[in-house]
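From a predicted model like this one, the values you see are computed outputs, not experimental measurements.
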Amino acid sequence: MCLNSFLKKAGLLITASVITPLAFAQQDAEGGNTSSKEEGNRNVMLNAASANGPREIQIGLPSADVNVLENGIPITYATNPHGINSMWRTDASLAHVGLQKISETAITTGNIGYAVNSFTRLGEDGFHGNLNYKANHFGQQEFSLNLRGSIANGWYYSASMYQDFDPGTFKVKSSQYQDRTQIYKLALTKRYNGNRGEFTALFNYSNSHPAYNYATQSAPFIYVGDGSVKEFGKFKLGTTSYLPIDANISYRDMRTGEMKQTSFFDFAKNRQSEYVVMNRYTWDNGVTWKFVGKYAHARGAMVYQTPMQIIDTRNGDYQYMQSDIEGNIVPYTGQYVQTRMTCLNAGIINQAMFTSELSKVFTNSTLRIGINEWNYGIDYASNTTMYDQSIPDDGSYPVRVYDAKVRNGFTYDYNKNASEYYKGHENKLALYVTHDWNPTDRLNLYYGARIEWQRLKGENAAVRNAAGEYVGRFANYYLGTTAPDGTLIAPNPLDYDWLNYDFTASATYRISKPFGLLADFTYIVQHPKFESFAPATLPNTGKIVVPLARGGVYFNNSWLSLTSMLSYISKTNNNATLNLQHGSEIMAAPLNFDIKTIGWTTDIMTHPFKGFDLHFLFTYQKPTYKKYETSVKFSDGYEGVINATGNVVAEIPQVLLELDPSYMITPDLKLWLSFRYFSKTYANINEAYYFNGHWETFGGINWRVNKMLDLGCTVVNFLNQTGAKGSIAGAELITKEEAKDIKNQLMTGSYLRPLTVEFTATLKF
């Protein structure tokens, strides 16, 4: 898959964390128990990977989707090709943002992992407003405004606007902004029957061009050989553009075979119109009914620029040409060339989703019963194009080049490598129940179950030949063409029905006033989502089983809150596609594998003296691959073989530390710091390359000027650490034996977010 070319190690960005022992918390405004739903101390929006998106909390498993909910409904059913940041931001329109626990996410959505939980700011009596402003020293300007108030006879309004003008941390020649996003919301609320009931109609429109959010995350560097990197010539990691001057790209339409041309900015057009209705009512007997339903129509799109092979032109096998400033074709005199795969992912999406829930608060427990009906319709394709570019060591903008011995144009191999297609509907109908119960003043029990019917119907482009073998992608692949062996490339019908189920249980037992025990278990059974059918082969459609078990202790007193837990989590039947590279040829290799993680986490929140708080989080984990084997044969007969069974999952650190001190200088002035340490990570599946551990640092000062105005200044990466992270492009087949003698070699990968100074202001009126 084209998306999996970024997630190909299947271990990206996710790790085991802790639960906060709030077993006897108060009830929230919606009739549920806050402690059963949300996680504490997690700094959801303090993100070293993005200037405007939520951080991803690791659980030691492959990342599937970032779960973000608004008003109890997922922002989007699937994040490819409609990314969360194209339609949702933590702006003035939101009254609450928190982190939903793994068990709550499993029962209410059927997904594994934490979820960002948000609620829309609705109208209230009088007239009120919030104006948020953010800027950074690279030129980003972000504005967010919410106005709300009362109309008459129990009617209220809330209107919001969000505008982001983000040039990124370096200028790209082809566009003024790396992200240009607009979001508008209008909500009308009617409170009735003595405020027992509340009905809201909400309209949300978003128009976003995150043109380079996925295209700028790679850069060249010198891999020293000891886990460290150094910069290549005058190329500065994170502040120098690694995209060619020309942003126009030619591609062959996967559906029709037409040759087309677009720019990165134009193609990455995301638009959505969303209609939401919400109702909440509480009867005399204390039963509360909540209903949330939405319909959304969208065009979602992403542009990936995946670096592949680096070619040294000095060996004489190549004759690279480039276009000069007048447009003449002249010899390319540089030493290195980078091959790139452009993935143009786009789809027309229609989502109809609703959740209905009944809850009852008793003297010592809360019972909840809910229904999900989620329908996801999509017509999706990913068109891929290969091109080569220069790697200028002077830090200038790259230019596109081509090998005159092989071809006479700048782009080639249309749809050959990771092109994707699927069309149809996926429906999930689920019933869930939870019970949060305090049988004694020392014991809290929380348990729940979910049963889900998943139906998938549509078509994809997984085509078999006369011998029953899958026809892989080839140059100029599209629906309606003929493969080299004579097979007609026609849509392949899909029709599946599955029964999924989840259950969870947790217990907190207070042995003494400050000390107690914690344990929880979550078991999830899923089947592949529609997006798993995008590649050239069908996925393993067997059950995906995810058990999570944790147990530990907690200790609370007036100045210390400590939780320490051991955990185990695993996942079977992960479907993925690797883009394996041999020489100048790239082949897609499907595989199915398991993964398991053991971990130990300790979370401490302490208040040693007045005004000073310190949060400390330690995590040890060891995620490893099971049954991770695949192979592919290249055109010259070479067989690329991957066997990573038993290896530590690439890109995931085994040790993580978080240290968050803060001090109230005055009652209105707060100084805070945040340090995150990520230990050594492997940069390819075979554990051949690795990156040393690194720190991500944040710091800032917040000043409450008065009851209406708050000011803040945040510095991201204030230690100004530079370096690489993630994986190394084109290195999947490199073994430990081959890598041990590789020193000071030019490679490509992703990098740490550079030092960024941000200024924020919030005006409340």
query: Taking the side chain from Arg704 and the backbone from Asp668, do they hold a donor-acceptor pair closer than 3.5 Å?
result: no

- request: Step through it carefully: locate the ring centre of Tyr376, locate the ring centre of Trp374, and say whether they are under 6.0 Å apart.
  value: no

- prompt: Between Trp672 and Thr714, does a side chain to side chain contact (heavy atoms under 4.5 Å, CB included) hold up when you go through it step by step?
  reply: CA-CA 9 Å; Trp672 61 272; Thr714 298; 3.6 Å; yes

message: I'd like to know whether Glu531 forms a side chain to side chain contact (heavy atoms under 4.5 Å, CB included) with Thr79, so could you lay out the CA-CA distance, the side-chain angles of the two residues, the decisive distance to 0.1 Å, and finally the verdict.
response: CA-CA 10 Å; Glu531 60 191 20; Thr79 57; 5.8 Å; no

Ring centre gap for Trp283 and Tyr281 strictly below 6.0 Å: yes

field: Electrostatic pair Asp166:Arg89 at N-O distance under 4.0 angstrom
entry: no

query: What is the minimum heavy-atom distance between Tyr162 and Ser144, and which atoms define it?
result: CD1-CB, 4.1 Å

Listed partners of Trp453 passing side chain to side chain contact (heavy atoms under 4.5 Å, CB included), at least two apart: Leu429, Arg455, Asp497

query: Okay, side chain of Ser150, backbone of Ala152: is any donor-acceptor separation there less than 3.5 Å?
result: no

- prompt: In terms of ring plane angle, is the pair Tyr275 and Tyr295 parallel, tilted or perpendicular, where the classes change at 30° and 60°?
  reply: parallel

Summary of salt bridge (charged side-chain N to carboxylate O under 4.0 Å, His left out) pairs that have at least one residue in residues 144-157, sequence neighbours excluded: Glu124-Arg148

field: Glu452 vs His527, side chain to side chain contact (heavy atoms under 4.5 Å, CB included): CA-CA, chis, key distance, verdict
entry: CA-CA 11 Å; Glu452 175 184 272; His527 285 83; over 6 Å; no

field: Donor-acceptor contact present, side-chain Ser365 to main-chain Phe362, <3.5 Å
entry: no

- request: Assert yes or no for the condition that the ring centre distance of Phe530 to Tyr422 is strictly below 6.0 Å.
  value: yes

- prompt: Between Ser118 and Leu69, is there a donor-acceptor pair closer than 3.5 Å when you use the side chain of the first and the backbone of the second?
  reply: yes

Worked verdict on Met565 versus Asp520 for side chain to side chain contact (heavy atoms under 4.5 Å, CB included): CA-CA 10 Å; Met565 301 188 76; Asp520 70 83; 3.8 Å; yes

message: Check the orientation of Phe143 and Phe165. Use parallel for under 30°, tilted for 30 to 60°, and perpendicular for over 60°.
response: perpendicular

- prompt: Any sub-3.5 Å donor-acceptor pair from Lys190's side-chain atoms to Asn153's backbone N or O?
  reply: yes

field: Pair Arg299, Gln272: side-chain N/O donor-acceptor within cut-off below 3.5 Å
entry: no

query: Has the side chain of Gln454 got a donor or acceptor atom that lies under 3.5 Å from a matching backbone atom of Glu426?
result: no

- prompt: Under 3.5 Å, is there a donor-acceptor pair between the side chain of Asn438 and the main chain of Asp441?
  reply: no

message: Parallel, tilted or perpendicular: which one describes the rings of Tyr523 and Phe503, with boundaries at 30° and 60°?
response: parallel

- prompt: Do the side chain of Asn375 and the main chain of Asn427 share a donor and acceptor less than 3.5 angstrom apart?
  reply: no

message: Please determine whether a side-chain nitrogen of the Lys or Arg among Arg368 and Glu357 lies less than 4.0 Å from a carboxylate oxygen of the Asp or Glu.
response: yes

message: Check Glu70 with Lys294, please: is the shortest side-chain N to carboxylate O separation under 4.0 Å?
response: no

- request: State, yes or no, whether a side-chain contact exists between Met605 and His615 at a heavy-atom distance under 4.5 Å.
  value: yes

message: Could you tell me if the side chain of Asn557 sits less than 4.5 Å from the side chain of Lys513, heavy atoms only?
response: no

query: In terms of side-chain heavy atoms, does Glu104 have a donor or acceptor partner in Tyr114 at a distance below 3.5 Å?
result: no

- request: Measure the acute angle between the ring planes of Phe119 and His96, then classify it against the limits of 30° and 60° as parallel, tilted or perpendicular.
  value: tilted

query: Any sub-3.5 Å donor-acceptor pair from Ser158's side-chain atoms to Arg121's backbone N or O?
result: yes

query: Side chain of Asp179, backbone of Asp164: donor and acceptor closer than 3.5 Å?
result: no

query: Just by distance, with hydrogens left out, do Asp436 and Asn444 show a side-chain donor and acceptor under 3.5 Å apart?
result: yes

message: Testing the 3.5 Å rule here: is there a donor-acceptor pair between the side chains of Asn556 and Ser561?
response: yes

